[in-house]
> 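Sharing a structure, written as structure tokens. Questions coming.
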Amino acid sequence: MAPSHVLKCCKRAVNWVPVLFINLVIGWSYYAYVVELCVYTIPNNTERISYLVIFHIFLTMFIWSYWKTIWSRPASPSKAFGLPRAEKELYEREERAEVQQEILKKVARNLPVYTRTAGGAIRYCDPCQLIKPDRCHHCSTCEMCVLKMDHHCPWVNNCVGFSNYKLFVLFLAYASLYCLVICATVIQYFIKFWTKELPDTHAKFHILFLFFVAALFFISVLSLLSYHLWLVGKNRTTIEAFRAPVFTNGPDKNGFSLGFSRNVAEVFGDQAKYWFFPVFSSLGDGYSFVTRLVHIDPEQANSVLQQNGKSPIDGETNTSVLGNNIQQTVNNSKEKTDGSHIVSVTMESEP
């Protein structure tokens, strides 16, 4: 018992190494830019002050979104997705997989669960002992199920999912802008040091290295940001991009896509004033999601949903209470056909 506890503590400590590395790089870049560039190298006060103001604005947004992503606890399923006591005892005693599935199906009838495993079975997490909501996955590193899990990111030592995906995207965006500001303002002095127009001083190494590091991070972070912006536009998680979600009628990579504008609103919210700040503004509760109509192309979903009543992006959010249905989907009806469920989406207009 004791050795395993020690190993677990060591593993948790090691998981913070990437975060420590990023913060050391940020700390050094701050020193190199503010002290070595602005204080010792730039002779003009107007240029120095303007550089410092712009630099600190983007640094603040970068640090704010980064640490919000780190400390935002991943949202996990509520107890409503756990098996009732009687069904749980039957499930644990039963050894036949098909009978266990019947028990899970019986419980799942009362839950907003429409996705299945690749084999068509109810998605059940044995470690957490609960039926997985749609888009929910178990993280072996965090040892918990995470709502709308995207991936576990070692650079923030946290799971990226429903509760912090917007924060993660903003972290990538502001990290890219932070690096771009450094490259754009340092490049003239980088060239002057490189061509020996400026005398060799202790600032030369810091400025040359600062430009190379910022450019390298800008290229790598920008590529990652571009990928996640593409995912946002398609309303997919990283997991769903590699493995399409399976519904009762089969796998559908565009199963949650409702058109570009609604996909963006699901992550960033329907109030543009909150889009650029690292505060939670995503739509929904993380348990249930609007699904596009079966056999309807995502690009046609907008017109189909509008004919049914209204846009599915109105309403406030609550990340912790299952009872708060997403106001995006006022009615989700399940109709049985040949023993399977067909998901249909209807919209009701609010006064």
> Looking at Phe162 versus Phe280, is the centre-to-centre ring distance below 6.0 Å?
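So the answer is yes for these two rings.
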> Are the charged groups of Arg109 and Glu87 less than 4.0 angstrom apart, N to O?
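Not counted as a salt bridge, because no side-chain N and carboxylate O are separated by less than 4.0 Å.
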> Tyr287 versus Ser78: any side-chain heavy-atom pair under 4.5 Å?
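Result yes, sub-4.5 Å side-chain heavy-atom pair found.
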> Regarding Arg236 and Asn254, do their side chains bring together a donor and an acceptor under 3.5 Å, going by distance alone?
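Per modelled atom types, Arg236 and Asn254 side chains form a pair under 3.5 Å.
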> Is there a side-chain contact between Val107 and Pro84 (heavy atoms, below 4.5 Å)?
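They are in contact (side-chain heavy atoms under 4.5 Å apart), so the answer is yes.
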> Answer yes if the side chains of Ser281 and Lys166 hold a donor-acceptor pair under 3.5 Å, and no otherwise.
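Note: Ser281 and Lys166 side chains meet the donor-acceptor criterion.
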> Under a 4.0 Å threshold between the charged nitrogen and the carboxylate oxygen, would Glu89 count as salt-bridged to Arg85?
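Judged by the 4.0 Å cut-off on N to carboxylate O distance, Arg85 and Glu89 do form a salt bridge.
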> Are His228 and Thr238 packed together at the side-chain level, in the sense that at least one heavy-atom pair is separated by less than 4.5 angstrom?
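Yes, at least one pair of side-chain atoms sits under 4.5 Å.
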> Count the heavy atoms belonging to other residues, nucleotides or ligands that lie under 6.0 Å from CH2 of Trp16, then report whether that count exceeds 12.
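Result for CH2/Trp16: enclosed.
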> For Val232 and Val264, which heavy atoms make the closest approach, and how far apart are they?
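Answer, listing the atom of Val232 first, then Val264: CG1-CA, 3.9 Å.
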> Quick check: is Leu216 connected to Trp155 through a chain of hydrophobic side chains (ILVMFWY, heavy atoms under 4.5 Å apart)?
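No, no single cluster joins them.
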> Can a side-chain donor-acceptor contact be found between Thr115 and Asp134 if the only test is distance below 3.5 angstrom?
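Yes, side-chain donor-acceptor contact under 3.5 Å.
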> Might you point out which heavy atoms bring Phe218 and Cys179 nearest each other, and give the distance in Å?
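For Phe218 and Cys179, the tightest heavy-atom pair comes out as CB-CB, 3.7 Å.
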> If you measure only the distance, is there a donor-acceptor pair under 3.5 Å linking the side chains of Arg48 and Asn45?
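On atom types as modelled, these side chains qualify, holding a pair under 3.5 Å.
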> Which atoms form the tightest heavy-atom contact between Val14 and Pro18, and what is the distance?
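Answer, listing the atom of Val14 first, then Pro18: O-CD, 3.8 Å.
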